[in-house]
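The structure under discussion appears below in the form of C-alpha cells.
Chain letters run A, B, ... following the sequence lines, proteins first and then strands; every chain starts at 1.
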Amino acid sequence: GAVVSQHPSWVICKSGTSVKIECRSLDFQATTMFWYRQFPKQSLMLMATSNEGSKATYEQGVEKDKFLINHASLTLSTLTVTSAHPEDSSFYICSAEQYTYEQYFGPGTRLTVT
Amino acid sequence: DQQVKQNSPSLSVQEGRISILNCDYTNSMFDYFLWYKKYPAEGPTFLISISSIKDKNEDGRFTVFLNKSAKHLSLHIVPSQPGDSAVYFCAARSTNTGNQFYFGTGTSLTVIP
C-alpha cells in the first residue's frame, strides 16, 4: 500500500517550453501533496505544499508563476514548469501524505532543459 | 541555513556489522524525525520514524535513537546487508508550524560483502 507514482519519469524539453509532471497516489487519498527538487549531491528542497481544492503554499524563493501547482483531486497533483530554462533542469520528486507525519514519495522525474 | 545536518557524506561497513548513521539538527521546535532510504534516480523510501516523546524506536534491523538534549539522532542497521547500500536522509519537522520537512544532505552507505 501507500504507492505514489509520477509521470513522466524523465523528460527532455527545449528552452522556453512548458512541462507538466503528474503525481498520483495510487491506493490512498492524499489530502496533502508536496513537491521537492533535488540538485546533484544535495538534499531534497521543499518547493511547495498543495492541498486538494486550494492554492498551493510555496516556499520562500520558489517562483509560483514559474512552477504552477494544481491539486485537482485527492489522488492527483500536477507541477507545471513554465517557460523552462536550462537552470530548471533537476530531479523533481513529489510526496503524498496519507496519515499525519507519514509521507510517501514518488519515484521522481528527471527534467532536462536543452 | 541547514537546519538538519548529516556530517558524514559517506560510510562503508562490512556485511554483518552494524551501520550507524548520524544526524544533527538545530531547531529545538522539531518534534518528529524520519529516516528515508534513496537509490539513484528514485524517490526516497520511508524507513523509520520517531516522535520527540520517545528516545528509541525499533523496527526489525533498523533502530532510531533520539537525544533531544544533544539535538542528535542516529540510525542503527544491524546486521548490515549489501542491499542496504543507498543514500540515507534524515528529516525533521515541527508539527506546530506546518507540514514542512527539513532534510539532511544524506549519507551514502556502502555495505561491503
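Two different hydrophobic clusters hold A/Y36 and A/M33 under the rule that ILVMFWY side chains link at heavy-atom gaps under 4.5 Å. Under the 4.5 Å side-chain heavy-atom criterion for grouping Ile, Leu, Val, Met, Phe, Trp and Tyr, A/V113 is connected to A/W35 within one hydrophobic cluster. Linking ILVMFWY residues whenever their side-chain heavy atoms come closer than 4.5 Å, directly or via other members, leaves A/M45 and B/L34 in distinct clusters. Using a 4.5 Å cut-off between side-chain heavy atoms of Ile, Leu, Val, Met, Phe, Trp and Tyr, with links allowed through other members, B/L11 and B/F62 fall into the same hydrophobic cluster. Note: the hydrophobic cluster containing B/F89 does not contain A/Y92 (ILVMFWY, side chain heavy atoms under 4.5 Å, direct or indirect links).
A/L44 touches chain B through backbone and side chain together, each having a heavy atom under 4.5 Å away. Contact annotation for A/E59: only side-chain heavy atoms (C-beta onward) come within less than 4.5 Å of a heavy atom of chain B.
For the set B/S108, B/G104, B/G106, the entry with the most heavy-atom pairs within less than 4.5 Å of chain A is B/G104.
Interatomic distance, B/K38 NZ to A/I93 CD1, rounded to the nearest 0.5 Å: 5.0 Å. For the atom pair CD (B/E42) and CZ (A/F105), the distance works out to 13.5 Å, reported to the nearest 0.5 Å. Distance check: B/F46 CZ to A/S95 OG gives 12.5 Å after rounding to the nearest 0.5 Å. Summarising the geometry, atom CZ belonging to B/F103 is positioned 9.5 Å from atom CD belonging to A/Q38; distances are rounded to the nearest 0.5 Å.
By the 6.0 Å contact criterion, NE2 on A/H7 is open, its count of non-hydrogen atoms from other residues, nucleotides or ligands being 12 or less.
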